[in-house]
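First the structure, in the form of C-alpha coordinates, and then the observations on it.
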Protein chains: 2
Amino acid sequence: MQISELARRAGVPVATVKYYLREGLLPPGELTGATRARYGEEHLSRLGLVRALLGPGGLSVATARAVLDAVDTPATSVHQALGAAHRALPGVGPDAPADLDQARALLRRQGWQVAEDSPALRALAGALEALRAAGSPPSEELLDRYAEAAGRIGEQDVAAVPTGSLADAVRFVVVNTVLLEPVLLALRRLAQEDASRRRFPGDR
Amino acid sequence: MQISELARRAGVPVATVKYYLREGLLPPGELTGATRARYGEEHLSRLGLVRALLGPGGLSVATARAVLDAVDTPATSVHQALGAAHRALPGVGPDAPADLDQARALLRRQGWQVAEDSPALRALAGALEALRAAGSPPSEELLDRYAEAAGRIGEQDVAAVPTGSLADAVRFVVVNTVLLEPVLLALRRLAQEDASRRRFPGDR
DNA sequence: CCTGGTTGGATAGTGTTGCTACCCAATGTT
DNA sequence: AACATTGGGTAGCAACACTATCCAACCAGG
(Lines give C-alpha, C1' and ligand atoms only; values in the text may rest on other atoms or scores of the structure.)
Protein backbone atom coordinates (compact mmCIF):
# COMPACT_ATOMS: atom_id res chain seq x y z
CA MET A 1 0.00 0.00 0.00
CA GLN A 2 1.33 3.41 -0.91
CA ILE A 3 0.68 6.64 0.87
CA SER A 4 -2.21 7.64 -1.33
CA GLU A 5 -4.06 4.41 -0.68
CA LEU A 6 -3.34 4.61 3.05
CA ALA A 7 -4.72 8.14 3.12
CA ARG A 8 -7.76 7.23 1.06
CA ARG A 9 -8.62 4.19 3.14
CA ALA A 10 -8.31 6.17 6.37
CA GLY A 11 -10.24 9.11 4.98
CA VAL A 12 -7.39 11.52 5.70
CA PRO A 13 -5.71 13.89 3.20
CA VAL A 14 -2.30 12.78 1.99
CA ALA A 15 -0.76 16.04 3.17
CA THR A 16 -2.03 15.31 6.66
CA VAL A 17 -0.57 11.81 6.63
CA LYS A 18 2.77 13.30 5.65
CA TYR A 19 2.42 15.74 8.52
CA TYR A 20 1.82 12.90 10.99
CA LEU A 21 4.86 11.09 9.61
CA ARG A 22 6.96 14.20 10.12
CA GLU A 23 5.63 14.61 13.63
CA GLY A 24 6.41 11.02 14.47
CA LEU A 25 2.82 10.02 15.19
CA LEU A 26 3.00 7.45 12.42
CA PRO A 27 6.07 5.25 11.89
CA PRO A 28 7.69 5.62 8.47
CA GLY A 29 6.80 3.07 5.81
CA GLU A 30 9.28 0.61 4.45
CA LEU A 31 11.32 2.38 1.80
CA THR A 32 11.38 0.55 -1.50
CA GLY A 33 13.22 3.27 -3.37
CA ALA A 34 14.18 6.88 -3.05
CA THR A 35 10.64 8.02 -3.74
CA ARG A 36 8.60 5.04 -2.74
CA ALA A 37 7.54 3.50 0.54
CA ARG A 38 5.22 0.69 1.45
CA TYR A 39 2.67 0.86 4.28
CA GLY A 40 0.84 -2.06 5.88
CA GLU A 41 -2.37 -2.69 7.74
CA GLU A 42 -0.68 -1.73 10.98
CA HIS A 43 -0.16 1.76 9.57
CA LEU A 44 -3.83 1.96 8.78
CA SER A 45 -4.86 0.99 12.28
CA ARG A 46 -2.28 3.31 13.79
CA LEU A 47 -3.62 6.14 11.68
CA GLY A 48 -7.09 5.40 13.01
CA LEU A 49 -5.75 5.56 16.53
CA VAL A 50 -4.00 8.86 15.85
CA ARG A 51 -7.16 10.41 14.46
CA ALA A 52 -9.16 9.16 17.44
CA LEU A 53 -6.67 10.61 19.92
CA LEU A 54 -6.45 13.95 18.14
CA GLY A 55 -10.16 14.32 17.43
CA PRO A 56 -12.53 12.82 19.99
CA GLY A 57 -9.71 12.22 22.46
CA GLY A 58 -8.97 15.93 22.40
CA LEU A 59 -5.21 15.53 22.58
CA SER A 60 -2.74 17.92 21.01
CA VAL A 61 -0.22 16.57 18.55
CA ALA A 62 2.54 16.89 21.14
CA THR A 63 0.53 15.03 23.78
CA ALA A 64 -0.53 12.37 21.33
CA ARG A 65 3.12 11.80 20.46
CA ALA A 66 3.98 11.34 24.12
CA VAL A 67 1.06 8.97 24.61
CA LEU A 68 1.98 6.97 21.54
CA ASP A 69 5.56 6.77 22.74
CA ALA A 70 4.16 5.12 25.83
CA VAL A 71 2.30 2.68 23.62
CA ASP A 72 5.42 1.90 21.63
CA THR A 73 7.85 1.59 24.48
CA PRO A 74 8.05 -2.06 25.43
CA ALA A 75 6.54 -2.10 28.90
CA THR A 76 7.50 -4.53 31.59
CA SER A 77 4.04 -4.47 33.13
CA VAL A 78 0.55 -3.13 32.69
CA HIS A 79 0.93 -1.08 35.86
CA GLN A 80 3.98 0.65 34.47
CA ALA A 81 2.30 1.26 31.14
CA LEU A 82 -0.63 2.88 32.92
CA GLY A 83 1.76 5.11 34.81
CA ALA A 84 3.55 6.05 31.60
CA ALA A 85 0.28 6.90 29.89
CA HIS A 86 -0.85 9.01 32.84
CA ARG A 87 2.43 10.86 32.87
CA ALA A 88 2.14 11.60 29.16
CA LEU A 89 -1.36 13.01 29.47
CA PRO A 90 -1.80 16.67 30.24
CA GLY A 91 -2.39 17.28 33.91
CA VAL A 92 -2.91 20.71 35.27
CA GLY A 93 -0.60 23.32 33.81
CA PRO A 94 3.06 23.49 34.78
CA ASP A 95 2.23 26.43 37.02
CA ALA A 96 -0.15 26.08 39.94
CA PRO A 97 1.70 24.51 42.83
CA ALA A 98 -1.78 23.84 44.18
CA ASP A 99 -2.06 22.71 47.75
CA LEU A 100 -2.61 18.99 47.83
CA ASP A 101 -4.16 18.73 51.29
CA GLN A 102 -7.80 18.41 50.34
CA ALA A 103 -6.96 15.99 47.57
CA ARG A 104 -4.82 13.85 49.86
CA ALA A 105 -7.53 13.82 52.52
CA LEU A 106 -10.00 12.56 49.96
CA LEU A 107 -7.66 9.75 48.93
CA ARG A 108 -7.17 8.81 52.55
CA ARG A 109 -10.92 8.58 53.14
CA GLN A 110 -11.19 6.30 50.13
CA GLY A 111 -8.23 4.24 51.17
CA TRP A 112 -6.50 4.85 47.87
CA GLN A 113 -2.75 4.69 47.62
CA VAL A 114 -1.07 6.44 44.75
CA ALA A 115 2.40 7.66 43.98
CA GLU A 116 3.39 10.81 45.83
CA ASP A 117 4.10 12.58 42.56
CA SER A 118 1.13 11.22 40.66
CA PRO A 119 0.14 13.69 37.93
CA ALA A 120 -3.51 12.84 38.56
CA LEU A 121 -3.11 13.96 42.16
CA ARG A 122 -1.81 17.30 41.05
CA ALA A 123 -4.58 17.56 38.49
CA LEU A 124 -7.16 16.88 41.18
CA ALA A 125 -5.69 19.52 43.46
CA GLY A 126 -5.69 22.03 40.63
CA ALA A 127 -9.28 21.30 39.72
CA LEU A 128 -10.41 21.68 43.33
CA GLU A 129 -8.57 24.96 43.56
CA ALA A 130 -10.33 26.21 40.45
CA LEU A 131 -13.68 25.36 42.00
CA ARG A 132 -12.81 27.30 45.13
CA ALA A 133 -11.62 30.23 43.02
CA ALA A 134 -14.90 30.16 41.12
CA GLY A 135 -16.77 30.41 44.38
CA SER A 136 -18.18 26.89 44.45
CA PRO A 137 -16.04 24.92 46.86
CA PRO A 138 -17.26 21.33 46.64
CA SER A 139 -18.51 19.68 49.82
CA GLU A 140 -16.69 16.70 51.24
CA GLU A 141 -19.80 14.64 50.73
CA LEU A 142 -19.99 15.47 47.06
CA LEU A 143 -16.33 14.64 46.60
CA ASP A 144 -16.73 11.35 48.42
CA ARG A 145 -19.60 10.32 46.19
CA TYR A 146 -17.65 11.32 43.13
CA ALA A 147 -14.71 9.30 44.38
CA GLU A 148 -16.89 6.26 45.03
CA ALA A 149 -18.25 6.39 41.51
CA ALA A 150 -14.76 6.96 40.10
CA GLY A 151 -13.58 4.01 42.13
CA ARG A 152 -16.03 1.69 40.43
CA ILE A 153 -14.94 2.99 37.07
CA GLY A 154 -11.25 2.60 37.77
CA GLU A 155 -11.92 -0.91 39.01
CA GLN A 156 -13.81 -1.71 35.84
CA ASP A 157 -11.08 -0.20 33.67
CA VAL A 158 -8.39 -2.31 35.25
CA ALA A 159 -10.52 -5.46 35.28
CA ALA A 160 -11.18 -5.11 31.56
CA VAL A 161 -7.50 -5.12 30.59
CA PRO A 162 -6.73 -8.18 28.44
CA THR A 163 -4.20 -10.43 30.13
CA GLY A 164 -2.83 -12.16 27.05
CA SER A 165 -0.19 -10.11 25.27
CA LEU A 166 1.45 -7.31 27.18
CA ALA A 167 1.60 -5.13 24.08
CA ASP A 168 -2.13 -5.56 23.56
CA ALA A 169 -2.75 -4.71 27.18
CA VAL A 170 -0.72 -1.53 26.90
CA ARG A 171 -2.53 -0.41 23.80
CA PHE A 172 -5.85 -1.21 25.42
CA VAL A 173 -5.00 0.76 28.54
CA VAL A 174 -3.89 3.81 26.62
CA VAL A 175 -6.80 3.82 24.21
CA ASN A 176 -9.35 3.32 26.95
CA THR A 177 -7.79 5.81 29.31
CA VAL A 178 -8.07 8.53 26.70
CA LEU A 179 -11.13 7.61 24.67
CA LEU A 180 -13.43 6.60 27.50
CA GLU A 181 -13.09 10.07 28.99
CA PRO A 182 -15.53 11.66 26.55
CA VAL A 183 -17.83 8.67 27.07
CA LEU A 184 -17.82 9.24 30.80
CA LEU A 185 -18.44 12.95 30.47
CA ALA A 186 -21.30 12.40 28.05
CA LEU A 187 -22.85 9.80 30.35
CA ARG A 188 -22.60 12.19 33.26
CA ARG A 189 -24.48 14.84 31.33
CA LEU A 190 -27.12 12.36 30.27
CA ALA A 191 -27.49 11.23 33.87
CA GLN A 192 -27.84 14.85 34.95
CA GLU A 193 -30.51 15.39 32.37
CA ASP A 194 -32.46 12.34 33.48
CA ALA A 195 -32.07 13.14 37.17
CA SER A 196 -33.09 16.74 36.59
CA ARG A 197 -36.17 15.59 34.67
CA ARG A 198 -37.15 13.28 37.51
CA ARG A 199 -36.54 15.86 40.19
CA PHE A 200 -38.38 18.67 38.46
CA PRO A 201 -41.22 16.77 36.80
CA GLY A 202 -43.49 18.45 34.32
CA ASP A 203 -40.76 21.01 33.83
CA ARG A 204 -40.30 21.29 30.11
CA MET B 1 -12.64 49.88 41.92
CA GLN B 2 -10.96 50.74 38.63
CA ILE B 3 -9.76 48.34 36.03
CA SER B 4 -6.20 48.22 37.30
CA GLU B 5 -7.33 47.25 40.79
CA LEU B 6 -9.77 44.68 39.41
CA ALA B 7 -6.98 43.16 37.35
CA ARG B 8 -4.52 43.20 40.21
CA ARG B 9 -6.92 41.63 42.68
CA ALA B 10 -7.81 38.87 40.21
CA GLY B 11 -4.19 38.32 39.24
CA VAL B 12 -4.92 38.96 35.56
CA PRO B 13 -3.16 41.48 33.28
CA VAL B 14 -5.14 44.62 32.53
CA ALA B 15 -4.88 43.97 28.79
CA THR B 16 -6.53 40.61 29.32
CA VAL B 17 -9.37 42.12 31.33
CA LYS B 18 -9.95 44.54 28.49
CA TYR B 19 -9.98 41.61 26.11
CA TYR B 20 -12.64 39.83 28.17
CA LEU B 21 -14.70 43.02 28.22
CA ARG B 22 -14.46 43.25 24.45
CA GLU B 23 -15.43 39.60 24.10
CA GLY B 24 -18.42 40.06 26.34
CA LEU B 25 -17.27 37.61 28.99
CA LEU B 26 -17.26 40.39 31.55
CA PRO B 27 -20.02 43.01 31.72
CA PRO B 28 -18.83 46.59 31.30
CA GLY B 29 -18.22 48.66 34.39
CA GLU B 30 -20.31 51.64 35.31
CA LEU B 31 -19.02 54.59 33.35
CA THR B 32 -18.19 57.59 35.53
CA GLY B 33 -16.68 59.63 32.72
CA ALA B 34 -15.38 59.27 29.22
CA THR B 35 -12.25 57.55 30.40
CA ARG B 36 -13.27 56.12 33.72
CA ALA B 37 -15.41 53.21 34.80
CA ARG B 38 -16.17 51.62 38.15
CA TYR B 39 -16.17 47.90 38.80
CA GLY B 40 -17.66 46.09 41.78
CA GLU B 41 -17.17 42.88 43.68
CA GLU B 42 -19.47 41.11 41.25
CA HIS B 43 -16.99 41.88 38.49
CA LEU B 44 -14.24 40.34 40.54
CA SER B 45 -16.18 37.16 41.13
CA ARG B 46 -17.23 37.00 37.52
CA LEU B 47 -13.64 37.40 36.46
CA GLY B 48 -12.73 34.47 38.69
CA LEU B 49 -15.45 32.42 37.05
CA VAL B 50 -14.22 33.36 33.58
CA ARG B 51 -10.68 32.35 34.41
CA ALA B 52 -11.86 29.06 35.87
CA LEU B 53 -13.92 28.24 32.79
CA LEU B 54 -11.14 29.17 30.37
CA GLY B 55 -8.31 27.55 32.31
CA PRO B 56 -9.17 24.42 34.28
CA GLY B 57 -12.60 24.18 32.64
CA GLY B 58 -10.89 23.99 29.28
CA LEU B 59 -13.49 26.06 27.46
CA SER B 60 -12.73 28.28 24.51
CA VAL B 61 -13.62 31.95 24.70
CA ALA B 62 -16.57 31.39 22.36
CA THR B 63 -17.89 28.49 24.39
CA ALA B 64 -17.39 30.33 27.65
CA ARG B 65 -19.41 33.24 26.27
CA ALA B 66 -22.25 30.88 25.37
CA VAL B 67 -22.13 29.26 28.80
CA LEU B 68 -22.07 32.61 30.54
CA ASP B 69 -25.02 33.74 28.45
CA ALA B 70 -26.87 30.76 29.88
CA VAL B 71 -25.87 31.91 33.36
CA ASP B 72 -27.07 35.44 32.67
CA THR B 73 -30.33 34.61 30.97
CA PRO B 74 -33.05 34.61 33.58
CA ALA B 75 -34.11 30.97 33.72
CA THR B 76 -37.58 29.81 34.54
CA SER B 77 -36.34 26.59 36.10
CA VAL B 78 -33.23 24.69 37.06
CA HIS B 79 -34.08 22.00 34.53
CA GLN B 80 -34.15 24.53 31.73
CA ALA B 81 -30.93 26.13 32.90
CA LEU B 82 -29.24 22.76 32.86
CA GLY B 83 -30.46 22.19 29.33
CA ALA B 84 -29.19 25.61 28.26
CA ALA B 85 -25.80 24.95 29.77
CA HIS B 86 -25.56 21.57 28.08
CA ARG B 87 -26.50 23.07 24.76
CA ALA B 88 -23.83 25.74 25.12
CA LEU B 89 -21.11 23.23 25.87
CA PRO B 90 -19.18 21.68 23.04
CA GLY B 91 -20.52 18.29 22.09
CA VAL B 92 -18.96 16.26 19.38
CA GLY B 93 -17.98 18.24 16.30
CA PRO B 94 -20.63 19.62 13.96
CA ASP B 95 -19.79 16.83 11.55
CA ALA B 96 -20.18 13.16 12.51
CA PRO B 97 -23.80 12.16 12.08
CA ALA B 98 -22.86 9.20 14.25
CA ASP B 99 -25.34 6.42 14.57
CA LEU B 100 -27.18 6.71 17.83
CA ASP B 101 -28.32 3.11 18.16
CA GLN B 102 -25.77 1.84 20.64
CA ALA B 103 -26.12 4.99 22.71
CA ARG B 104 -29.89 4.76 22.74
CA ALA B 105 -29.79 1.09 23.71
CA LEU B 106 -27.57 1.97 26.65
CA LEU B 107 -30.02 4.63 27.82
CA ARG B 108 -32.88 2.17 27.52
CA ARG B 109 -31.07 -0.37 29.66
CA GLN B 110 -30.51 2.30 32.29
CA GLY B 111 -34.07 3.53 32.07
CA TRP B 112 -32.91 7.04 31.34
CA GLN B 113 -35.12 9.40 29.43
CA VAL B 114 -33.54 12.34 27.71
CA ALA B 115 -34.51 14.72 24.94
CA GLU B 116 -34.34 13.23 21.48
CA ASP B 117 -31.94 15.94 20.37
CA SER B 118 -29.84 16.01 23.53
CA PRO B 119 -26.33 17.19 22.69
CA ALA B 120 -24.96 14.76 25.26
CA LEU B 121 -26.59 11.89 23.36
CA ARG B 122 -24.84 12.92 20.20
CA ALA B 123 -21.58 13.33 22.09
CA LEU B 124 -21.93 9.82 23.48
CA ALA B 125 -22.58 8.36 20.06
CA GLY B 126 -19.56 10.16 18.65
CA ALA B 127 -17.31 8.98 21.45
CA LEU B 128 -18.43 5.38 21.00
CA GLU B 129 -17.79 5.63 17.28
CA ALA B 130 -14.27 6.89 17.94
CA LEU B 131 -13.61 3.90 20.15
CA ARG B 132 -14.77 1.54 17.45
CA ALA B 133 -12.64 3.37 14.89
CA ALA B 134 -9.65 3.04 17.19
CA GLY B 135 -10.19 -0.71 17.33
CA SER B 136 -11.38 -0.90 20.93
CA PRO B 137 -15.14 -1.26 20.79
CA PRO B 138 -16.34 -1.12 24.40
CA SER B 139 -18.30 -4.07 25.75
CA GLU B 140 -21.90 -3.63 26.82
CA GLU B 141 -20.91 -4.62 30.30
CA LEU B 142 -18.27 -1.92 30.51
CA LEU B 143 -20.70 0.68 29.25
CA ASP B 144 -23.34 -0.41 31.72
CA ARG B 145 -20.95 -0.07 34.62
CA TYR B 146 -19.86 3.31 33.38
CA ALA B 147 -23.48 4.35 33.09
CA GLU B 148 -24.26 3.15 36.61
CA ALA B 149 -21.40 5.17 38.00
CA ALA B 150 -22.38 8.18 35.91
CA GLY B 151 -25.93 7.77 37.18
CA ARG B 152 -24.81 8.16 40.77
CA ILE B 153 -22.85 11.23 39.84
CA GLY B 154 -25.69 12.84 37.96
CA GLU B 155 -27.98 12.11 40.88
CA GLN B 156 -25.52 13.71 43.25
CA ASP B 157 -25.09 16.73 40.98
CA VAL B 158 -28.79 17.39 40.84
CA ALA B 159 -29.33 16.73 44.53
CA ALA B 160 -26.65 19.27 45.42
CA VAL B 161 -28.33 22.14 43.58
CA PRO B 162 -29.33 24.86 46.06
CA THR B 163 -33.06 25.36 46.10
CA GLY B 164 -33.17 28.91 47.37
CA SER B 165 -32.58 31.49 44.64
CA LEU B 166 -33.06 30.38 41.07
CA ALA B 167 -30.17 32.55 39.91
CA ASP B 168 -27.89 30.91 42.46
CA ALA B 169 -29.07 27.50 41.33
CA VAL B 170 -28.30 28.31 37.71
CA ARG B 171 -24.84 29.54 38.50
CA PHE B 172 -24.21 26.49 40.64
CA VAL B 173 -25.35 24.14 37.92
CA VAL B 174 -23.19 25.75 35.27
CA VAL B 175 -20.09 26.00 37.40
CA ASN B 176 -20.39 22.45 38.64
CA THR B 177 -21.22 21.00 35.27
CA VAL B 178 -18.04 22.44 33.81
CA LEU B 179 -15.59 22.46 36.68
CA LEU B 180 -16.36 19.08 38.16
CA GLU B 181 -15.42 17.45 34.87
CA PRO B 182 -11.69 17.73 35.48
CA VAL B 183 -12.29 16.55 39.04
CA LEU B 184 -14.06 13.46 37.80
CA LEU B 185 -11.38 12.69 35.23
CA ALA B 186 -8.62 13.11 37.80
CA LEU B 187 -10.46 10.87 40.26
CA ARG B 188 -10.86 8.22 37.58
CA ARG B 189 -7.15 8.22 36.91
CA LEU B 190 -6.37 8.02 40.60
CA ALA B 191 -8.81 5.13 40.94
CA GLN B 192 -7.14 3.41 38.00
CA GLU B 193 -3.77 3.87 39.61
CA ASP B 194 -4.97 2.43 42.91
CA ALA B 195 -6.80 -0.46 41.24
CA SER B 196 -3.80 -1.23 39.07
CA ARG B 197 -1.53 -1.24 42.12
CA ARG B 198 -3.85 -3.64 43.91
CA ARG B 199 -4.23 -5.92 40.93
CA PHE B 200 -0.56 -6.08 40.07
CA PRO B 201 1.02 -6.01 43.51
CA GLY B 202 4.72 -5.64 43.96
CA ASP B 203 4.79 -4.17 40.50
CA ARG B 204 6.73 -0.99 40.81
C1' DC C 1 12.60 4.40 -24.40
C1' DC C 2 9.41 8.00 -23.68
C1' DT C 3 5.81 10.14 -21.09
C1' DG C 4 2.89 11.19 -17.55
C1' DG C 5 1.51 10.67 -13.05
C1' DT C 6 2.95 9.56 -8.26
C1' DT C 7 6.12 9.57 -4.42
C1' DG C 8 9.13 11.12 -0.41
C1' DG C 9 10.99 14.97 1.44
C1' DA C 10 11.22 19.71 2.33
C1' DT C 11 9.65 24.47 2.88
C1' DA C 12 6.40 27.87 3.16
C1' DG C 13 1.77 29.55 3.79
C1' DT C 14 -3.03 29.58 6.08
C1' DG C 15 -6.70 30.36 9.42
C1' DT C 16 -7.84 30.29 14.21
C1' DT C 17 -7.14 31.25 18.95
C1' DG C 18 -5.95 33.74 23.10
C1' DC C 19 -3.82 36.95 24.37
C1' DT C 20 -0.32 41.24 24.44
C1' DA C 21 1.49 45.73 23.04
C1' DC C 22 0.83 50.07 21.58
C1' DC C 23 -1.52 54.34 20.70
C1' DC C 24 -4.68 58.12 21.55
C1' DA C 25 -7.26 61.73 23.63
C1' DA C 26 -9.75 62.46 27.84
C1' DT C 27 -9.49 62.61 32.45
C1' DG C 28 -7.98 62.34 37.32
C1' DT C 29 -4.47 63.43 40.87
C1' DT C 30 -1.12 66.02 42.99
C1' DA D 1 0.69 72.62 35.47
C1' DA D 2 2.71 68.13 35.36
C1' DC D 3 2.08 63.49 35.23
C1' DA D 4 -0.07 58.96 35.42
C1' DT D 5 -4.06 56.38 34.34
C1' DT D 6 -8.16 55.24 31.83
C1' DG D 7 -11.38 53.53 28.06
C1' DG D 8 -11.37 52.39 23.55
C1' DG D 9 -9.38 50.84 19.49
C1' DT D 10 -6.08 48.59 16.36
C1' DA D 11 -2.30 45.84 15.41
C1' DG D 12 0.98 42.32 16.43
C1' DC D 13 2.41 37.75 18.21
C1' DA D 14 3.20 32.81 19.25
C1' DA D 15 1.31 28.39 19.11
C1' DC D 16 -1.25 25.05 16.66
C1' DA D 17 -2.90 21.88 13.13
C1' DC D 18 -2.91 21.53 9.10
C1' DT D 19 -2.50 22.61 3.74
C1' DA D 20 -0.23 23.87 -0.50
C1' DT D 21 3.55 23.93 -3.43
C1' DC D 22 7.80 22.49 -5.21
C1' DC D 23 11.31 19.23 -6.62
C1' DA D 24 13.94 15.46 -8.22
C1' DA D 25 13.40 10.63 -8.36
C1' DC D 26 11.02 7.31 -9.70
C1' DC D 27 7.63 3.57 -11.75
C1' DA D 28 4.18 1.86 -15.04
C1' DG D 29 1.97 1.88 -19.58
C1' DG D 30 2.37 2.19 -24.27
Side-chain angles (χ1 to χ4, degrees), chain A residues 1-40 43-44 47-68 89-90 93-95 130, chain B residues 1-40 43-44 47-68 89-90 93-95 130:
Chain A
M1 179 170 26
Q2 304 202 133
I3 199 173
S4 54
E5 188 183 346
L6 175 64
R8 194 178 39 72
R9 283 225 269 157
V12 174
V14 171
T16 304
V17 175
K18 285 183 171 185
Y19 171 64
Y20 294 158
L21 286 166
R22 275 199 305 279
E23 292 295 323
L25 302 182
L26 210 52
E30 183 197 349
L31 283 175
T32 64
T35 67
R36 216 61 33 154
R38 194 162 33 210
Y39 302 89
H43 286 94
L44 186 59
L47 186 47
L49 175 57
V50 168
R51 291 295 277 191
L53 294 181
L54 293 183
L59 301 189
S60 70
V61 167
T63 304
R65 182 170 40 227
V67 167
L68 290 169
L89 288 170
D95 42 349
Chain B
M1 177 172 23
Q2 305 202 132
I3 199 173
S4 54
E5 188 183 347
L6 174 64
R8 193 178 38 72
R9 283 226 269 158
V12 174
V14 171
T16 303
V17 174
K18 285 183 171 185
Y19 171 65
Y20 294 157
L21 286 166
R22 275 199 305 280
E23 292 295 324
L25 302 182
L26 211 52
E30 183 196 349
L31 285 175
T32 64
T35 66
R36 216 64 29 156
R38 194 163 32 209
Y39 303 89
H43 286 94
L44 186 58
L47 187 48
L49 175 57
V50 168
R51 292 293 278 189
L53 294 181
L54 293 183
L59 301 189
S60 69
V61 168
T63 304
R65 182 171 38 227
V67 167
L68 290 169
L89 288 170
D95 42 351

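No hydrogens, no waters, no symmetry mates; every other heavy atom, side chains included, goes into these values.
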Options dT6(D), dC18(D), dG18(C), nucleotide nearest the side-chain atoms of Thr35(B): dT6(D)
How long is the line joining [atom1] of [X] and [atom2] of [N], in whole Å?
| X | N | atom1 | atom2 | result |
| --- | --- | --- | --- | --- |
| Arg22(B) | dG8(D) | CZ | P | 11 Å |
| Arg51(A) | dA17(D) | CZ | P | 12 Å |
| Glu23(A) | dT11(C) | CD | P | 14 Å |
| Arg38(B) | dT27(C) | CZ | P | 16 Å |
| Leu53(A) | dA17(D) | CG | C1' | 15 Å |
| Leu31(A) | dC26(D) | CG | C1' | 13 Å |
| Leu47(A) | dC18(D) | CG | P | 11 Å |
| Arg36(A) | dG9(C) | CZ | C1' | 13 Å |

Taking all non-hydrogen atoms of both residues into account, name the closest pair between [X] and [Y] and its distance.
| X | Y | answer |
| --- | --- | --- |
| Ile3(A) | Lys18(A) | CD1-CG, 3.8 Å |
| His43(A) | Leu6(A) | C-CD1, 4.0 Å |
| Leu21(B) | Pro27(B) | CD2-O, 3.4 Å |
| Val14(A) | Ser4(A) | CG2-CA, 4.1 Å |

Arg38(A) vs Gln2(A) side-chain heavy atoms within contact, under 4.5 Å: no
Separation of Tyr39(A) OH from Glu30(A) CD (nearest 0.5 Å): 11.0 Å
Determine all donor-acceptor pairs shorter than 3.5 Å in which one atom belongs to a side chain in residues 47-65 of chain B; sequence neighbours excluded.
unit_1, atom_1, unit_2, atom_2, d
Arg51(B), NH1, Tyr20(B), OH, 2.9
Ser60(B), OG, Thr63(B), N, 3.1
Ser60(B), OG, Thr63(B), OG1, 2.9
Arg65(B), NH1, Glu23(B), O, 2.7
Arg65(B), NH1, Glu23(B), OE1, 3.0

Establish, with yes or no, whether the OP1 or OP2 oxygen of [N] is under 4.0 angstrom from a side-chain nitrogen or oxygen of [X].
| X | N | value |
| --- | --- | --- |
| Tyr19(B) | dT17(C) | no |
| Tyr39(A) | dG8(C) | yes |
| Tyr20(B) | dC19(C) | yes |

Residues within residues 2-16 of chain B bordering DNA chain C, heavy-atom distance below 4.0 Å: Pro13(B), Ala15(B), Thr16(B)
Sugar-phosphate only, base, or nothing, as touched by Leu54(A) at under 4.0 Å among non-hydrogen atoms: sugar-phosphate
Touch class at under 4.0 angstrom, heavy-atom based, for Thr32(B) against every strand present: sugar-phosphate
Residue whose nearest DNA chain C nucleotide is more 5′ - Ala34(A) or Leu59(B): Ala34(A)
Donor-acceptor pair present, Lys18(B) side chain and dG9(D) base, under 3.5 Å: no
